[in-house]
2 protein chains.
Amino acid sequence: MRDAAAGDALGVLDRMTSILEAFDQDDRGLGISELALRAGLPKSTVSRLVATLVRQRYLERDGKRIHLGLRLFELGQLAEQPRELRAAALPVMADLRTTTGENVHLAIRDRREMVCIAVMRGRFAAPPTVRIGGRLPIHATALGKAVLAHAPAADVEEVVAAGLEAWTAHTIRDPAVLCRQLDDIRGGGLATEVGEFGAGVSCAASAVFAPSGRLVGAVSVSGCADGFDADRFAPAIRAAALMLTRRLAPGGSRAV
Amino acid sequence: MRDAAAGDALGVLDRMTSILEAFDQDDRGLGISELALRAGLPKSTVSRLVATLVRQRYLERDGKRIHLGLRLFELGQLAEQPRELRAAALPVMADLRTTTGENVHLAIRDRREMVCIAVMRGRFAAPPTVRIGGRLPIHATALGKAVLAHAPAADVEEVVAAGLEAWTAHTIRDPAVLCRQLDDIRGGGLATEVGEFGAGVSCAASAVFAPSGRLVGAVSVSGCADGFDADRFAPAIRAAALMLTRRLAPGGSRAV
DNA sequence: TGCCATGGTCCCACTCACTGGAACATCGGC
DNA sequence: GCCGATGTTCCAGTGAGTGGGACCATGGCA
């Protein structure tokens, strides 16, 4: 533990997370060397830690190819926030999908990003662009703006301070414009977005609150930008968000 | 690392897994003391490790209540096996749900258990009894038997040796009966089960193979035992399993 | 058939991160 | 204010963890 190149790794656990986080979605397995490179750790260290993680089934190994293991999947499903919200949301999302025919998403906030925790594909809609477990920029998506509108002002400032990265030509980059939109969203209960994150994709979202009033996430409906009429879906989305709050009450949801 | 009470914990990583695995589905958060008790570790150690895990967002903390964190959910979604199979399976499962109206499940094998990796609720079916990420006994479910029928004989022996635990009065406990069923399943391509795992619940399943011929898991349709006609669903289930194999070919699945 | 490049494991002396008991805070409850 | 329960901090001791490098496979390539 001598030179931490970038003040990153401090203990074994941190070293382990460097390893686990070296994986990304399009990997068909990594070798020890590649893993060591990405994690910024010596090969011998990675080799040893990987052996332990494989033993614990947090990683799997097929010859030289190493992937994330089944146990991580299992544990992930037990994570409190996603589990609770998902369980309550699935029937509501199914309704929303039926009434709109479009793709329906559910996401929760994590610092300056949204994490998608459920997706339902609309009957005639294009395949969703977001993956369960995928991250979305908070300032460039309807889901994100819906949540941000009800977050403390400090959070908005933090997002702005981090820089409003442009994902498309339509991404809002001006803090003033963003704030104005957030005001509107707070008033109208609906956030919208047209091609700000993905070209040709529109989205409308509503924030979801727990019965306690705590902000927990957002639901959205998204579809192909041309012909997407947010106003038409607005009542259904708002209703879904309210319904979700009700189902989040203890005993309010029993379905999967 | 002096006295490992039951030869369990050896290194920090093992200690960490003891902590993570102390959580189960119906927990609304654990305190340090409870966690230490379950993990069989000293409080001070747990306190310290939890602090690191919270920093890494593998755990979350709300006052004294500790839960599994969002990052575990994210990582879990990246796990190779479930991800690949799920992606290929969802449309197939949706079809199966439509044609049968019952609940549809997808599971993969993990040693002597099946791990459920996708669930779809049938239009008029009762809520599924299995949770995504949940485990099922291999010998007492159609999903399990479908897979076991195509597994090496040694695996069957291992399952038998571990004891055929009775989940209901109908669970198969006689190895000879089980083996005979497995033969039938191998011949007919369909595994069935009537109230062997949950009282009043029937299920029919088919094994799923990768294009390479490797056994990867099973799909099932399940419903209320009275009126459940496995034969009626058989063709659809077999077709779904075959379709899945085709979609598992590289480039065969693009949808979510 | 050698030869090199690549990728993974093993060895082992060094040492610092980790350990855990005990003391110290903090919070409710009565 | 006292008490039990819960969580955090301290600190000396030490062995778990480290990582450079040797070693061992593979698998092209000529």
Side-chain angles (χ1 to χ4, degrees), chain A residues 1-24 26-69 80 212, chain B residues 1-24 26-69 80 212:
Chain A
M1 223 108 339
R2 300 174 308 154
D3 52 333
D8 38 82
L10 297 118
V12 205
L13 260 47
D14 304 83
R15 251 181 284 268
M16 178 206 66
T17 59
S18 304
I19 291 178
L20 294 184
E21 264 138 53
F23 291 88
D24 51 29
D26 37 47
D27 277 322
R28 317 196 54 60
L30 300 172
I32 292 279
S33 301
E34 173 68 8
L35 207 44
L37 198 68
R38 295 198 189 187
L41 296 170
K43 266 205 310 179
S44 59
T45 299
V46 172
S47 178
R48 202 166 3 91
L49 292 185
V50 164
T52 304
L53 290 169
V54 167
R55 183 161 50 74
Q56 295 286 0
R57 312 180 54 60
Y58 284 54
L59 292 179
E60 275 160 19
R61 183 157 199 174
D62 179 24
K64 337 198 111 170
R65 308 284 83 185
I66 297 159
H67 351 249
L68 295 172
E80 191 89 345
S212 67
Chain B
M1 231 101 349
R2 301 170 308 152
D3 53 334
D8 38 83
L10 296 120
V12 205
L13 259 49
D14 304 83
R15 252 180 284 269
M16 178 204 68
T17 59
S18 303
I19 291 177
L20 296 184
E21 263 137 54
F23 292 90
D24 51 28
D26 38 46
D27 278 322
R28 317 197 54 61
L30 300 172
I32 293 280
S33 300
E34 173 68 6
L35 207 44
L37 198 68
R38 295 198 189 189
L41 295 170
K43 266 204 314 178
S44 60
T45 299
V46 172
S47 177
R48 203 163 5 89
L49 292 184
V50 164
T52 305
L53 290 169
V54 166
R55 183 161 50 73
Q56 294 286 359
R57 313 180 56 59
Y58 283 54
L59 293 179
E60 275 160 18
R61 183 157 201 173
D62 178 25
K64 339 197 108 171
R65 306 285 82 187
I66 297 159
H67 350 249
L68 294 173
E80 191 88 347
S212 67

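Protein chains get the first letters and strands the later ones, always in sequence-line order, with residue 1 at the start of each. Note that the coordinates shown come from a computational prediction; the quantities given were computed from them, not determined experimentally.
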Residue met sooner reading DNA chain C from 5', once A:Ile32 and A:Arg48 are mapped to nucleotides: A:Ile32
Closest to the B:Lys64 side chain, choosing from C:dG20, D:dG7, D:dG17: D:dG7
I'd like to check [X] versus [Y] (side-chain heavy atoms, cut-off strictly below 4.5 Å). Are they in contact?
{"X": "B:Arg38", "Y": "B:Leu30", "result": "yes"}
{"X": "B:Arg55", "Y": "A:Asp14", "result": "yes"}
{"X": "B:Met16", "Y": "A:Val12", "result": "no"}
{"X": "A:Tyr58", "Y": "B:Leu20", "result": "yes"}

Sugar-phosphate, base or nothing in reach of B:Arg61, heavy atoms under 4.0 Å: sugar-phosphate
Touch class at under 4.0 angstrom, heavy-atom based, for A:Ser44 against every strand present: base
Find the distance [X]:[atom1] to [N]:[atom2] and express it as a whole number of Å.
{"X": "B:Leu37", "N": "D:dT6", "atom1": "CG", "atom2": "C1'", "result": "13 Å"}
{"X": "B:Leu41", "N": "D:dT8", "atom1": "CG", "atom2": "P", "result": "15 Å"}
{"X": "A:Ile66", "N": "C:dG7", "atom1": "CD1", "atom2": "P", "result": "13 Å"}

Distance-only donor-acceptor test, B:Lys43 side-chain atoms vs D:dG7 base atoms, 3.5 Å: yes
B:Ser47 side-chain N/O to D:dG7 phosphate OP1/OP2 under 4.0 Å: no
